[in-house]
Protein chains: 2
Amino acid sequence: MEKKKLSIIDIAHLANVSQATVSRVINKNGRFSEKTGKKVEEIIKKYGYETNMTAKSLRIAKSKTIGLIVPSIENEWFASLISQIETYFFQHNYSVFICNTSRNKEKEISYFKSLDAKMVDGIICITGENKLPIDVLTRDIPIVCTDRVPAKNNNVYIVSTDHYRGGYIATKELIKKGCKRICIIVRNRSISVNEQRFQGYLQALKDHHLPYDDQLKILISNKEDNFEGAKRATLKLIENHIHFDGIFGTNDWRAYGAIVALQSKYLRIPEDVKVVGFDNITISKVSQPPLTTINQDTQKIAVNASKTLLDLMNNPANNTIKHIQTLPVHIVKRKSTENK
Amino acid sequence: MEKKKLSIIDIAHLANVSQATVSRVINKNGRFSEKTGKKVEEIIKKYGYETNMTAKSLRIAKSKTIGLIVPSIENEWFASLISQIETYFFQHNYSVFICNTSRNKEKEISYFKSLDAKMVDGIICITGENKLPIDVLTRDIPIVCTDRVPAKNNNVYIVSTDHYRGGYIATKELIKKGCKRICIIVRNRSISVNEQRFQGYLQALKDHHLPYDDQLKILISNKEDNFEGAKRATLKLIENHIHFDGIFGTNDWRAYGAIVALQSKYLRIPEDVKVVGFDNITISKVSQPPLTTINQDTQKIAVNASKTLLDLMNNPANNTIKHIQTLPVHIVKRKSTENK
DNA sequence: GTGAAAGCGCTAACAC
DNA sequence: GTGTTAGCGCTTTCAC
């Protein structure tokens, strides 16, 4: 069956009005009589007319679409954020282009160009460390990042978690539960979320008069999987007879990797070693034993980032919007740090 | 700094040619001299011109964009599929609208309309059981589903896994390893993937002369979380003193829930009870013990679905394309079904 | 309160 | 091989 796509002109003819009137009715802006409005709306409903968004976008130079750039969709934490951002914009009648860069710079640049060409009204980046290629953009559109980006950019707004504080609280929990020699498992990246969590760890040690021991810093290489890397590194530590009684995994997968390693060596958690993770994703809840962890409020991050972008899109001149928002974290206590 | 968006006309002036020529160069179709081509391309690069896709879409009634409708992005299996589909289309110069329906019918309809209005060239649905609202579409665009949909629709193509065979193989593995009383954990839905896996289970029992016992069918309600539901239901079974020596969890989370329940009652896996899952997602690998499971080839599903859609978009009249593709599964054997 | 018409940036048919 | 131009469907200015 051939489908006939109706245009505004068709509706105008059917309703015996001009296309301008139909447009006014659709957008509820211009002035038109109640009677005309009713008539047009009826025809629209009857014939199942839908606005051609490409034409509309061309005309008004807006697309009611945003771009969401993410390093990976297959990461539960990102997925949760993506899902909530998408839900938010759906409610506000925006569509979302989800762009998966796989941490590939080329792909990221390509996506920026493509989003620009598709006339998105704004961009949210769930990034981390890298500098955004905003110079490829040919239009001035607002950008919100959910993690730290090198300052300098006045056009870029940031909504992020207090990773430093998270690292601090996580470490403090272990100290309070009696741990004296606390390992930290981190990934080896320069400026990043990891580094901030690490700094929080250092400060907590210092504040509680515990020495920092470089041997207890467990590095995972950038190629390694979090779980496998943490497991491997923890096993190595045990085999090297390096003594420790607490582990701060800088994310839940790293902490869980440590747990599995410890158990394979017949070390008991929390009796022999206590463990804390970060992120509060599923694995922390279903781990055996369940994992004490630092909760990042994804919902708040998603909503704040989304709202910030929406505000900027609706009113680009608004200068009451904060450039940097740092959101609080809290600890979720579970069995992995319990004392008997 | 005010950014000036250049149009084809601007480039035409700068290059001293007509806009038609610029268009020809950009699209490498029409005829133009090598010299002109070079000149125009230089100007384009120099001034950072990017095609305005809304104008192009309007003109050619195509958008180089597809819609990807998914019930949930926060499900590892879906996320993996999404990611691979997105990668495929990125390579072929298409953008992807990822639409998260949260299994909400209203949202799904709304997305179909919106995708239609945005002139997507095709749609992939990662669905499952429900009938698609393709009647809201005003244009004839190809649709590919990665799961079963009620037949009837000639416009809808299907790429799916052989869930029946998966259920069969999973059950057979348990039988081969000596299990006599095998539980199955399923969700209570009418026509679905679950049902097919269940049918495979039944057939395997029958083929090996084992009776089917209704007591061993563990139902999880639709509101319950897979992990929690399976855990709760398994505990109940144990507390009711119903004897069993094998469990087929119809997905990995259900199987893992069963494992945790068994362990909490000091039942050993695989010595006392053997367990098989389905999907081969991360939890099956990191479970203690690691879980034997049925692998669904996400890559193949993603590629076949994507390729099918691409073929249909490039050549809508192509009738050599199979309406239904069923992909094979295979078992991944791990410790949870090992014999001493 | 309504209509006529210009024009957003692009492609493609047609003319030369 | 290149230029001219109509028109995709929409919004919006200007007239009335």
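So that the names make sense, note that chain A is the first sequence line, chain B the second, and so on, each numbered from 1.
Closest contact between the side chain of B:S7 and the listed nucleotides C:dC10, D:dC10, C:dT2 involves C:dC10. Counting only heavy atoms from C-beta on, A:S33 has its side chain closest to C:dG1 among C:dG1, C:dC10, D:dC10. Which of D:dG9, C:dG1, C:dG9 sits closest to the side chain of A:N52 comes down to D:dG9.
With rounding to whole Å, B:R31 atom CZ is found 11 Å from C:dA12 atom C1'. Going from atom CD1 of A:I9 over to atom C1' of D:dC8 covers 10 Å, rounded to whole Å. Here D:dC10 presents its P atom at 9 Å from CD1 of A:I11, a figure rounded to the nearest Å. Remark: P of D:dT5 and CD1 of B:I8 are 17 Å apart, rounded to the nearest angstrom. Residue A:M119 contributes atom CE, which lies 17 Å from atom P of D:dC10 at whole-angstrom precision. Going from atom NZ of B:K64 over to atom P of C:dC10 covers 17 Å, rounded to whole Å. If you measure from atom NE2 of A:H13 to atom P of D:dC10, you get 13 Å, rounded to the nearest angstrom. Taking atom NZ on B:K35 and atom C1' on D:dT2, their separation rounds to 13 Å, with Å as the unit.
Listed by first and then second residue, the salt bridge (charged side-chain N to carboxylate O under 4.0 Å, His left out) pairs involving residues 11-22 of chain A amount to none (not counting sequence neighbours). Residue pairs meeting the salt bridge (charged side-chain N to carboxylate O under 4.0 Å, His left out) criterion with at least one member in residues 81-92 of chain A, sequence neighbours excluded: A:E86-B:K107. Applying the salt bridge (charged side-chain N to carboxylate O under 4.0 Å, His left out) test to pairs two or more places apart or on separate chains, none has a residue in residues 316-327 of chain A. The salt bridge (charged side-chain N to carboxylate O under 4.0 Å, His left out) contacts involving residues 12-34 of chain A comprise A:K28-A:E41, A:E34-A:K38, where partners must be two or more places apart or lie in separate chains.
Between B:I60 and B:V17, it is B:V17 whose nearest contact on DNA chain D lies nearer the 5' terminus. Nearer the 5' end of DNA chain D, as judged by each residue's closest nucleotide, is the contact made by B:F32, out of B:F32 and B:L58.
Proximity of A:Y49 to the phosphate of D:dG9: no side-chain N or O atom is located under 4.0 Å from OP1 or OP2. OP1 and OP2 of D:dC10 both lie 4.0 Å or more from every side-chain N or O belonging to A:T51.
For the segment residues 20-29 of chain A, the set of residues with a heavy atom within less than 4.0 Å of an atom of DNA chain C comprises A:A20, A:T21, A:R24, in numerical order.
Heavy-atom contacts from other residues, nucleotides or ligands closer than 6.0 Å to NZ of A:K39 number more than 12. When the shell of 6.0 Å around NZ of A:K62 is examined, it contains 12 or fewer heavy atoms from other residues, nucleotides or ligands.
For A:T308, the side chain to side chain contact (heavy atoms under 4.5 Å, CB included) partners are A:V144, A:Y157, A:V159, A:L312, A:I321, A:Q325, not counting sequence neighbours.
At a threshold of 4.0 angstrom between heavy atoms, the contacts of A:T36 are confined to the sugar-phosphate backbone, with no base atom among them.
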